[in-house]
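Just below is one structure, and these are the notes that go with it.
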Amino acid sequence: METKPANNFLRLKIAEEIKSGVATEVVTRFPPEPNGYLHIGHASSICLNFGLAETFGGRCNLRFDDTNPEKESQEYIDAIQEDIKWLGFDWAGEVRFASSYFQQFYEWAVVLVEQGDAYVCDLNAEQAREYRGTLTEAGENSPFRDRSPEENLKLLSLMRAGEFAEGEKVLRAKIDMASPNMNLRDPILYRIRKVSHHQTGDEWPIYPTYDFAHGQEDAIEGVTHSICTLEFEGHRPLYNWLLEHLPVPSTPRQFEFGGLNLSYTITSKRKLKQLVDEDVVGGWDDPRMPTVSGMRRRGYTARAIRRFCEMIGVSRSEGVVDVAMLEHAIRDDLNENAPRAMCVLNPLKVVLTNYAEDQLEQLNAPCHPSREELGTRTLPFSRELYIDAEDFREEANKKFKRLVIGKRVRLRNAYVIEADEAIKDAAGNIVEVRARFIENTLGENPEDGIKPKGVIQWVSAAGGKRAKVKLYDRLFSDEGPDRGENNFLDHINADSLSVVEDAWIEPSLIKAAPEQIFQFEREGYFVADRVEHSEAAPIFNKTIGLRDTWNS
RNA sequence: UGGGGUGUCGCCAAGCGGCAAGGCACUGGGUUUUGAUCCCAGCAUUCGCAGGUUCGAAUCCUGCCACCCCAGCCA
């Protein structure tokens with residue numbers, strides 16, 4: 001099941017570096033900002049970073065990039081850690097926080113100022129934008145650019161002391177306002193934010209920007225390969241500039257790869273948060289969400305997610321992976337590992353007229369068609385039972401391999417039956433089917449040589465139980481919900497959730513533990529809900545249907 | 001119209017000068033007490049386009065074209 005890591009440009013690159021001595025060890029890090037829950041795109045990055053560390057015998061840190069307290073919270077910090085552990089990864093040592101390096105960053109800011117490489121600027125946001133120039137025109141130097149180191153030092157300490165209002169001043173690197181790379185036009189290093197921080201409380205009225213934090217965090221932790229997505233490529237010169245101008249303890253290098261995009265899915269924390277805030281879904285862990293916790297609740301396994309990440313590979317081209325690949329990964333895992341059981345979602349009563357009313361047989365059925373070691377379970381069989389209404393027609397053509405009047409069908413793991421009559425209500429709806437069971441057909445074909453047309457699932461009315469089943473489908477009906485002109489909210493699939501209040505389940509399912517996954521035969525894979533399921537009120541979520549190649 | 005990237009089958013992706021891996025999807029056929037799984041077969045004379053170098057190019061060179069990213073005191 002576990003596959004050997006496929007080669008990708010980073011693995012090859014690092015292998016070369018180690019061979020040539022450019023690199024002597026591999027230390028990576030996964031650096032989420034705690035401003036939302038992890039999603040499938042993060043899972044891919046996690047697999048990459050932890051995977052690289054593992055294949056090269058190095059280590060991978062978990063570091064919260066918490067430099068913008070306004071959008072962050074402890075809830076996210078806790079959820080992110082749980083998700084990573086659930087995915088099966090262990091970070092090296094303690095969890096790290098950018099915020100625990102704030103004092104060091106400040107001291108380095110002082111170094112920059114003393115070197116004449118940074119200055120305090122009084123331009124407000126709008127003015128700064130005007131001075132920055134455009135993509136095709138050089139920017140202009142800020143009128144505050146030539147303040148003396150002494151003055152800058154004083155101003156910076158006043159900023160740190162909370163003497164200025166938000167937006168009144170910033171600290172900027174003094175690089176080149178005419179650089180064709182916008183990131184080098186005197187980027188902002190510190191801004192004033194008088195908000196308390198989830199880790200440092202009210203200790204700081206100023207917070208470093210991503211650019212002034214990331215490379216230094218990596219350097220402090222001895223990260224050797226700082227892997228990020230393509231949009232940070234233009235920041236690399238700045239990342240390097242800072243490391244070159246600061247007395248940092250090591251020299252990490254940044255590498256970029258193309259992050260994951262999935263069809264029929266959005267992977268934007270901002271938009272995912274909007275779905276949660278506007279109650280479009282039940283929460284970050286709603287089974288329809290592409291979040292790690294949502295997929296977990298949906299019934300996806302960590303193994304399938306990791307396998308999927310291995311399948312799609314890693315490259316520098318930005319594409320859209322077909323969600324069918326993710327679906328294949330989970331089906332592949334569950335087909336192999338999920339015990340089988342029977343559930344009737346849309347019950348139609350069948351009465352076996354030749355089966356004694358007081359008779360109740362206990363049939364035995366394997367839990368898996370090809371893995372004997374998964375054991376067996378007991379299926380009560382009785383005169384009255386339920387099949388799915390979809391599996392019966394009064395008459396049908398040869399292609400319909402289910403129950404038809406005058407024809408036979410195999411009840412999965414039980415007898416072959418033959419239908420005689422459909423009982424209808426006043427409105428003409430079929431409410432019951434009268435049928436007969438064929439003797440001696442347990443594990444055998446009928447002695448008269450007339451074989452059943454097909455096999456259907458069933459549950460005994462006498463021994464079966466009831467359960468609520470939530471049927472999930474894709475959250476979005478459009479292949480690219482937020483691509484181009486699309487507004488993702490316009491493409492919500494109205495049928496992404498439908499609830500079956502009273503499905504019939506075979507009795508063995510009543511003992512299901514939360515998060516236990518089954519294949520309901522001929523239907524798909526279902527998981528006992530992680531939070532709401534109980535023996536008294538069983539609730540199953542549909543993970544994914546079986547592949548269905550039956551057309552017409 | 002500045003800079004940085006990317007272009008190999010419908011999708012993802014190997015390939016790194018020697019004659020186009022693999023997976024997903026799809027299409028046939030076989031097995032089957034799940035119309036599932038499994039099995040077998042098919043699926044790029046061609047690598048964005050045009051030139052050039054070479055005995056030989058997806059791989060090297062030149063020039064085009066397309067798409068993505070950068071003008072947050074977000075990350």
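Computed from a predicted model, the values in this text were never measured in an experiment. Chain A is the first sequence line, chain B the second, and so forth, proteins listed ahead of strands; every chain is numbered from 1. These numbers come from the heavy atoms of this one structure, side chains and all, not from hydrogens, waters or symmetry mates.
Not a single donor-acceptor pair under 3.5 Å links the side chain of A:R377 to the backbone N or O of A:L509.
Interface remark: the A:R340 side chain does form a donor-acceptor pair with the B:U34 base, using a distance-only criterion of under 3.5 Å. Between the side chain of A:R236 and the base of B:G4, no donor-acceptor pair under 3.5 Å is found. The base of B:U34 sits within donor-acceptor range of the side chain of A:Q519, with an N or O pair under 3.5 Å.
Each of A:C121 and A:L12 lies near RNA chain B, and the nucleotide nearest A:L12 is the one positioned closer to the 5' end.
The side chain of A:T67 approaches B:A75 more closely than any other nucleotide in the set B:U6, B:G2, B:A75. With B:U34, B:U37, B:A75 as the choices, the nucleotide that has an atom nearest any side-chain atom of A:R522 turns out to be B:U34. Relative to the side chain of A:I312, the nucleotides B:A75, B:U37, B:C12 differ in distance, and B:C12 lies closest. Of the candidate nucleotides B:C24, B:C73, B:G72, B:G72 has the atom nearest to the side chain of A:R129. For A:W550, counting side-chain heavy atoms from C-beta on, the closest listed nucleotide (B:C11, B:A75, B:G35) is B:G35.
Remark: A:R474 is positioned above the aromatic ring of A:Y264, its terminal NZ or CZ atom under 6.0 angstrom from the ring centre and at most 45 degrees off the axis.
Judged as a side chain to side chain contact (heavy atoms under 4.5 Å, CB included), and not counting sequence neighbours, the contacts of A:L546 are A:Q519, A:Y525.
When the side-chain nitrogen and oxygen atoms of A:R371 are compared with OP1 and OP2 of B:C38, none of them lie within a distance under 4.0 Å. At the phosphate of B:C38, neither OP1 nor OP2 sits under 4.0 Å from any side-chain N or O atom of A:S370. Remark: A:S315 is not in phosphate contact with B:U6, judged by side-chain N or O atoms under 4.0 Å from OP1 or OP2. Contact annotation: A:R132 reaches the phosphate of B:C73 (side-chain N/O to OP1 or OP2, under 4.0 Å).
Regarding the sugar-base torsion, B:G72 falls in the syn class, its angle being within 90° of 0.
Between A:Y37 and A:W284, the two ring planes are parallel [angle under 30°; tilted spans 30° to 60°].
Under the ring-ring contact (aromatic ring centres under 6.0 Å, His included) criterion, no residue pair touches residues 323-343 of chain A, with sequence neighbours excluded.
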